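This structure is a prediction, so every number in the text was calculated from the model and none was measured.
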Amino acid sequence: MSTSLSARLLGAITLLVATSALAKPIAFQDGRTLMFEYGAGTMIEAQAFYAPRYWYSVGAGYLHLEDEDHRFSRDISYARMNYLVHRWNLSSAQANVFAWGGLGGARATDSDLRIAENAGGQADFETLWFYSSLKTDWQHSSAFSHRIDTLQLGVAPYRHRYNGIATWVVGQARRYTGDIYDGTEVALLLRFFRGPLWIEAGITADRKLQSMVMFNF
């Protein structure tokens, strides 16, 4: 095997390892994903997915939304399917487009349980040094409608080794519709992952905790 081919294969393997723990609704074929996110007191979400194939996963989630002035809240439980629309495997980068949809039940402040729909999508691009993601998630019922749009841009301060701890510095901008939060919620996060475990934590511009834990197995 030539030196150049070996280098390309090593780079591809390293990229796969580096990106396998980044936040995606489908980790890998026959993979299971557990995720919990705490969003600055405004959002709490838990998800569990299983991927029978590399291009789709199924599972369930729970989302709690509360407006910043604590006037009302939403509690949404849903079953969902995630679909890989397209993936680009480049020599030193990877890009993905995902879409999802599902149904469930929702309870709003001062309302009974209602049928709720969930739909959304994500586009991401990453190398060993740079990560970007744009995600939109829409929750709707006869009592309310909310959409959460999240942009993340990250850089790796060093090139991690195989079986080592990967570190990313991530800037996040998030907007909520439906009077959940006024303006754009901005946060600075540190992201660490090793093997199947992925941890992200930081603070928003309002000095509130933003964190996420994900486990792929």
S.K.: Inspect the contact between R147 and D149 and indicate whether a charged nitrogen and a carboxylate oxygen are less than 4.0 angstrom apart.
M.R.: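 Salt bridge between D149 and R147, a charged N being under 4.0 Å from a carboxylate O: yes.
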
S.K.: Judged by modelled atom types alone, do H146 and Q139 share a side-chain donor-acceptor pair under 3.5 Å?
M.R.: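 Result is no, nothing qualifies.
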
S.K.: Ring-plane angle category for Y131 and W168, please: parallel below 30°, perpendicular beyond 60°, tilted otherwise.
M.R.: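 Plane angle over 60°, so perpendicular.
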
S.K.: Taking Y176 as the starting point, is it possible to reach Y62 by hopping between hydrophobic residues whose side chains are less than 4.5 Å apart?
M.R.: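 No: no chain of side-chain contacts under 4.5 Å links Y62 to Y176.
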
S.K.: Side chains of R74 and H64: is there a donor and an acceptor less than 3.5 Å apart?
M.R.: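 Result is no, nothing qualifies.
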
S.K.: Hydrogens and angles aside, do Q29 and Y56 bring a side-chain donor and acceptor to less than 3.5 Å of each other?
M.R.: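 There is no such pair between these side chains.
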
S.K.: Ignoring hydrogens and geometry beyond distance, is a side-chain donor-acceptor pair present between W88 and N96 at under 3.5 Å?
M.R.: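 Result is no, nothing qualifies.
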
S.K.: Please check if any side-chain donor atom of Q152 sits under 3.5 Å from a side-chain acceptor atom of R191, or the reverse.
M.R.: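 The criterion, which ignores hydrogens and geometry beyond distance, is satisfied for R191 and Q152.
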
S.K.: Do you see a donor-acceptor pair shorter than 3.5 Å between the side chains of N82 and R80?
M.R.: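 Side-chain D/A pair, N82 to R80: present.
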
S.K.: Is it possible for you to say whether L63 and M212 belong to one hydrophobic cluster, with membership spreading through side-chain heavy-atom contacts below 4.5 Å?
M.R.: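 Hydrophobic grouping puts L63 apart from M212.
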
S.K.: Going by distance alone, is a donor N or O of one side chain under 3.5 Å from an acceptor N or O of the other, for D30 and Y50?
M.R.: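 Yes, a side-chain donor-acceptor pair sits under 3.5 Å.
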
S.K.: Checking T167 side chain against F192 main chain: does a donor-acceptor pair fall under 3.5 Å?
M.R.: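 No, T167 side chain to F192 backbone: no donor-acceptor pair under 3.5 Å.
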
S.K.: If you apply the rule side-chain hydrogen bond (donor to acceptor under 3.5 Å, both in side chains), what do you find for Q210 with E200, and how did you get there?
M.R.: CA-CA 8 Å; Q210 169 75 39; E200 181 177 279; 5.3 Å; no

S.K.: Checking W138 against T177: is there a side-chain donor and acceptor pair closer than 3.5 Å?
M.R.: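 No donor-acceptor contact under 3.5 Å links the two side chains.
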
S.K.: When the aromatic ring centroids of F215 and F217 are compared, is their separation below 6.0 Å?
M.R.: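 That pair passes the under 6.0 Å test.
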
S.K.: How long is the straight-line distance from CD1 of I148 back to OG1 of T42, given to the nearest 0.5 Å?
M.R.: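 Answer for the OG1-CD1 pair, T42 versus I148, is 9.5 Å.
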
S.K.: Can you spot which of Q122, R174, K135 makes a side-chain hydrogen bond (donor to acceptor under 3.5 Å, both in side chains) with T150?
M.R.: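 Single side-chain hydrogen bond (donor to acceptor under 3.5 Å, both in side chains) partner of T150 among Q122, R174, K135: R174.
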
S.K.: Is it the case that the side chains of Y181 and D69 hold a donor-acceptor pair, with the cut-off being a distance below 3.5 Å and no angle test?
M.R.: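 Checked: D69/Y181 side chains show no N/O donor-acceptor pair below 3.5 Å.
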
